[in-house]
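Take a look at the structure below.
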Amino acid sequence: MDIPREAFQGFLQTLSPLGRIAFVPLALFCVTDQINRYVLLCSFTYIYLLASQIHDQALMVHDSVSKTKGFRELFSEKLVAARESALSKRSRSVAEDVQALFDVPTSPTDFVTKVWFRTGYYYDKYVVHLLQVVFSSGYTYNPEGQFPEKEIQNPHPTPPLGSVGEHEEARQTRHSTLDFDLKPYILTQRSVGKNLPTDQIVSQNAFGELSKPSSPVKPALTELSSTPISNKAVINSPSPSPLPSPKSIKRPDELSSGELKRQASVSPNSKNIFYKIKIRHKNKSQKHPTFGNYELVRQRIKNCLVQPSYQPDGNIGPNMIRFTWHCCAHYDRESGTGGCSGGTMRFAQEFNDNGNTGLNTAKSYLDQIHEEFPWISYADLYTLGGVAAIEGLGGPVVPWKPGRTDCPDSAKVPPMGRLPIATLGSDHIREVFTKRLGLNDEEIVALIGGGHTLGGCHARFSGFNGIWTKAPFKFDNDFFKVLLNDKWSIGVVPQSGVEQYYNEDKSLMMLNTDMEMIRDPNFRKWTEVFAKDEKLFFEHFASAYGKLLELGVLRDEDGIQRVKL
Ligand code: HEM
């Protein structure tokens with residue numbers, strides 16, 4: 001009983017003082033209003049059904065008594081036509097119905113009906129949203145009328161053809177053939193963005209995220225081990241990262257109040273109401289009992305990797321590793337756009353990229369974890385996801401440090417279509433990995449081999465199907481071994497019709513880009529090295545994956561990123 005009360009009290013704290021006073025009467029008003037509408041809807045539906053029943057009976061009676069042509073038959077035809085037209089109207093989409101409300105009324109009755117329904121439409125559109133704007137600090141009404149929830153309805157709109165080598169048929173069927181219990185991808189109000197001026201992002205992000213009150217633990221996730229884990233573990237552990245580490249990384253909770261104030265005053269417009277709201281949220285985040293305990297979050301992620309309901313895999317680790325890689329893979333070093341900073345993957349514009357199909361599993365688990373640890377930025381969480389999963393599947397410890405910040409809206413979402421295409425060759429791989437991400441051949445081979453030693457392809461997502469190694473949930477150098485030792489020939493995936501490479505007994509598969517790891521002489525050199533020396537491969541993979549996580553992350557001396565380019 002305490003949990004809902006705490007959640008409710010937490011919710012009240014997110015409201016402005018005025019909002020708190022007005023909340024109860026408003027809530028009552030809204031509930032009664034919704035009940036009224038529901039009752040009206042039920043009555044109308046009942047009347048409609050009654051009328052159509054009478055209508056049907058009238059038709060039957062008419063059919064049985066009608067023997068000759070004439071007025072009766074004409075009348076009957078009219079009735080049938082009216083019924084068909086009514087039925088076809090009933091199957092119209094909601095958008096068409098709304099559109100129809102604004103057509104010129106054809107009769108006085110039509111006029112009255114349209115005015116009645118239009119009032120309801122405007123009521124929903126403006127009054128409810130206006131109340132949300134006034135009384136809830138975390139919501140901004142978008143006057144363009146682009147309600148974000150509408151985007152959510154179809155998180156995977158029909159993608160453009162041929163951009164990631166995904167088969168069209170597979171694309172069309174991928175959602176209807178899901179055979180496991182996927183959490184729906186839901187954008188929260190926070191994800192939707194606040195349309196704030198960029199200069200105000202700074203004061204918010206220096207401390208981490210706008211937070212929601214912590215919510216009860218979701219039963220879908222495996223329970224955390226009760227072993228207490230030290231806060232300092234991550235921060236103090238020697239980082240094997242080849243990247244220059246900042247002089248001293250201070251977590252927000254380690255800053256003195258003076259430092260906090262100084263950071264808060266970064267905003268030139270600090271009297272702005274949004275600024276005040278952000279500071280209030282910041283304070284609340286800091287009060288969270290787990291604040292700054294990144295090791296706990298890492299452990300939480302590791303503990304949720306085994307998910308028997310995620311079939312056929314039963315383990316979401318590979319999905320998580322791919323999700324993190326895709327968060328970073330949009331980076332373009334020339335323009336400085338993309339990359340994991342900003343947590344832009346939480347916006348539909350980026351997440352709906354064709355190449356991200358199937359990644360809603362990892363995202364929805366990470367989003368649930370964010371509800372438990374609302375103080376962590378999405379950018380940090382989404383990168384930590386892959387890192388924890390690699391460790392959880394027996395891989396190396398990838399250097400990771402916190403401090404990434406989130407964009408408040410989707411303005412910084414990079415142009416899409418930058419993810420690698422599985423059917424292309426080494427030129428394309430170098431275009432993506434070397435030219436855009438700034439990685440060398442050795443890092444490319446380590447990354448692709450490390451990623452694809454785990455998990456597999458799913459016909460319902462990409463059109464490709466199968467696993468790369470015999471042990472897809474164990475991080476090792478098997479990818480390089482099988483690539484070099486097995487004989488590969490091209491074949492067709494029965495479910496989707498796309499071409500991929502199979503080994504002799506068709507138990508394993510390779511993408512065209514994977515085959516480039518032995519076709520291209522420079523890539524092959526590293527494939528052979530990594531096949532022989534697993535320890536070296538682990539080191540190179542950890543370093544290269546760690547590098548991905550820092551692309552586009554510009555940190556200050558204290559390790560905290562303040563701006564996103
Ligand atoms: C040329 C570059 C790459 C291409 C074309 C590529 C393409 C793909 C494709 C088509 C899938 C199958 C998705 C599905 O059907 O579920 C996949 C899966 C995967 N990729 Fe890559 N990938 C590339 C590089 C990488 C890198 C660098 C990593 C990470 C370091 C990675 C990690 C993964 C993982 C772990 C999976 C398995 C996902 C799962 O089992 O759910 N990939 N990749």
Side-chain angles (χ1 to χ4, degrees), residues 163-167 170-171 174 177-178 180 182 305 307 310-329 331 354-363 365 383 385-387 389-390 392-393 395-396 398 418-434 436-437 439 441 443-469 472-475 479 493 495-496 498-501 509-517 520 523 537 540-549 551:
S163 54
V164 285
E166 191 190 4
H167 190 259
R171 276 186 212 145
R174 64 192 170 210
T177 56
L178 289 184
F180 55 86
L182 265 187
L305 296 182
Q307 292 294 341
Y310 179 63
Q311 285 303 322
D313 305 24
N315 191 313
I316 62 165
N319 199 280
M320 199 86 93
I321 295 163
R322 184 168 178 243
F323 178 73
T324 298
W325 140 243
H326 281 207
C327 287
C328 310
Y331 180 65
N354 195 15
N356 290 332
T357 313
L359 293 178
N360 47 340
T361 306
K363 184 178 183 304
Y365 277 99
T383 45
V387 171
I390 290 165
L393 296 174
V398 174
R418 290 178 175 179
L419 296 170
I421 301 170
T423 47
L424 297 184
S426 57
D427 287 351
H428 171 70
I429 298 177
R430 289 205 176 85
E431 174 79 22
V432 173
F433 283 83
T434 311
R436 208 160 41 66
L437 302 178
L439 302 171
D441 283 358
E443 288 164 331
I444 297 173
V445 179
L447 280 174
I448 295 183
H452 291 178
T453 201
L454 297 168
C457 291
H458 306 79
R460 62 179 183 261
F461 298 148
S462 60
F464 303 107
N465 205 37
I467 45 174
W468 285 280
T469 67
F473 303 110
K474 182 170 175 281
F475 191 93
F479 174 88
V493 179
Q495 297 96 318
S496 61
V498 298
E499 289 186 337
Q500 66 181 33
Y501 287 83
M509 52 108 13
M510 289 286 161
L511 300 169
N512 193 56
T513 40
D514 299 323
M515 295 305 294
E516 288 298 316
M517 301 298 111
D520 182 286
F523 287 153
F537 160 60
H540 280 74
F541 177 82
S543 146
Y545 200 84
K547 204 167 171 180
L548 282 178
L549 311 178
L551 295 177

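Remember, it's 1-based here, ligands and their atoms both numbered in the order they're listed. Every value quoted in this text rests on a predicted model; they were computed, and no experiment measured them.
Nearest-residue assignment for atom 40 (O) of ligand 1 (options Gly386, Gly456, Gly463, Gly449; heavy-atom criterion): Gly456. Of the options Cys457, Gly317, Pro420, the smallest heavy-atom separation from atom 2 (C) of ligand 1 is shown by Pro420.
A donor-acceptor contact shorter than 3.5 Å links the side chain of Thr357 to the backbone of Asn354. Checking side-chain atoms of Asn512 against main-chain N and O of Leu424 turns up a donor-acceptor pair under 3.5 Å. Side-chain atoms of Arg460 never come within 3.5 Å of backbone atoms of Gln495 as a donor-acceptor pair (strictly under, hydrogens ignored).
The atoms of ligand 1 that sit less than 4.0 Å from any heavy atom of Ile448 are 1 (C), 2 (C). Listed by atom number, the atoms of ligand 1 under 4.0 Å from Tyr545 heavy atoms are 30 (C). Listed by number with element, the atoms of ligand 1 under 4.0 Å from a non-hydrogen atom of Phe433 are 1 (C), 2 (C). Close approach of ligand 1 to Phe464 is summarised as follows: ligand atoms under 4.0 Å from at least one heavy atom of the residue are 10 (C). Near Gly455, meaning under 4.0 Å from one of its heavy atoms, ligand 1 places the atoms 40 (O). Residue-ligand proximity, Ala422 to ligand 1, at heavy-atom distances under 4.0 Å covers atoms 5 (C).
With a 4.0 Å cut-off on non-hydrogen atoms, Asn465 does not touch ligand 1 at all. Both the backbone and the side chain of Asn319 come within 4.0 Å of ligand 1, judged by heavy-atom distances. The proximity of Trp468 to ligand 1, defined as any non-hydrogen pair under 4.0 Å, is limited to the side chain.
Considering only heavy atoms from C-beta on, Cys457 comes within 4.5 Å of Trp468 through its side chain.
Residues that satisfy the side-chain hydrogen bond (donor to acceptor under 3.5 Å, both in side chains) test with Asn465, not counting sequence neighbours, are absent from this structure. By the side chain to side chain contact (heavy atoms under 4.5 Å, CB included) test, Ile429 pairs with Phe433, Ile444, Ile448, Thr513, Glu516, Met517, Phe523, sequence neighbours left out.
Classification of the Phe479-His452 ring pair by plane angle, with boundaries at 30° and 60°, yields perpendicular.
Here Leu305 contributes atom CG and Ile390 contributes atom CD1; the two are 11.0 Å apart, rounded to the nearest 0.5 Å.
Considering backbone and side-chain N/O atoms, His458 comes within less than 3.5 Å of an N/O atom of ligand 1.
For the 3.5 Å distance criterion, the side chains of Asn319 and Tyr310 qualify, holding a donor opposite an acceptor.
Residue contacts with ligand 1 leave out Gly450, since none of its heavy atoms falls under 4.0 Å from the ligand.
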